[in-house]
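One structure below.
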Amino acid sequence: MSWTEVRRDDRIVEWERSDGHATIRLRRGPNAWHVRVDRLYQSAEGRGYEGERFESEPDAREAVDAWKAEYDVEN
């Protein structure tokens, strides 16, 4: 499946998985970057929520890419 950017503003970028059952969000906070993945209970792999804090944007974006790969599912 693919991920589509569904939101972008000055603080948040969010992607939604093509089945609509998972999102990944990158948020710029006042002192750090935050990344979270959220899966609905309808998700093929079940409900789940995970979040991490990063000191740098490149590290946060690396986590986004890793989670996109990890939480992708077959069509």
Side-chain angles (χ1 to χ4, degrees):
M1 291 192 179
S2 62
W3 294 87
T4 302
E5 187 177 296
V6 294
R7 178 181 177 182
R8 177 181 289 270
D9 59 37
D10 60 331
R11 291 184 52 236
I12 295 173
V13 182
E14 187 168 0
W15 298 267
E16 183 177 80
R17 196 167 64 187
S18 58
D19 67 358
H21 295 158
T23 60
I24 296 175
R25 178 179 286 183
L26 169 68
R27 180 175 61 86
R28 180 176 50 86
N31 300 314
W33 292 84
H34 303 271
V35 179
R36 65 102 172 119
V37 61
D38 190 7
R39 294 185 325 265
L40 301 175
Y41 71 89
Q42 298 96 329
S43 176
E45 63 274 38
R47 178 164 169 64
Y49 183 92
E50 205 173 328
E52 288 189 42
R53 179 181 184 267
F54 298 90
E55 297 300 319
S56 73
E57 181 180 5
D59 289 345
R61 289 191 177 274
E62 192 173 299
V64 167
D65 292 340
W67 281 353
K68 282 181 179 178
E70 181 178 346
Y71 292 108
D72 207 8
V73 294
E74 295 293 324
N75 286 329

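For clarity, every value in this text was computed on a predicted model and none was experimentally measured. Atom set for the values below is all heavy atoms of this structure, side chains included, hydrogens, waters and symmetry mates excluded.
Summarising the geometry, atom CZ belonging to Arg7 is positioned 12.0 Å from atom CH2 belonging to Trp15; distances are rounded to the nearest 0.5 Å. Interatomic distance, Trp3 CH2 to Tyr71 OH, rounded to the nearest 0.5 Å: 9.5 Å. From Ile24, atom CD1 reaches atom CZ of Arg36 across 9.0 Å, with rounding to the nearest 0.5 Å. Taken from CZ in Arg61 to OG in Ser56, the straight-line distance is 11.0 Å, to the nearest 0.5 Å. We find the CD-CG distance between Glu14 and Asp9 to be 10.0 Å, quoted to the nearest 0.5 Å.
Of all heavy-atom pairs between Asp10 and Arg28, the closest is O-NH2, 2.7 Å. Of all heavy-atom pairs between Arg53 and Asn31, the closest is NH2-O, 3.9 Å. Smallest separation of non-hydrogen atoms from Trp33 and Glu55: CD1-O, 4.1 Å. Listed here is the closest heavy atom pair of Glu52 and Trp67: OE2-CZ2, 3.6 Å. Of all non-hydrogen atoms in Leu26 and Ala60, the two that sit nearest each other are CD1-CB, 3.6 Å.
Surrounding CD of Glu50 are more than 12 heavy atoms belonging to other residues, nucleotides or ligands, all under 6.0 Å away.
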Determine, stepwise, if the pair Val13 / Arg8 fulfils side chain to side chain contact (heavy atoms under 4.5 Å, CB included).
CA-CA 4 Å; Val13 182; Arg8 177 181 289 270; 3.8 Å; yes
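Residues meeting the salt bridge (charged side-chain N to carboxylate O under 4.0 Å, His left out) test with Arg27, sequence neighbours left out: none.
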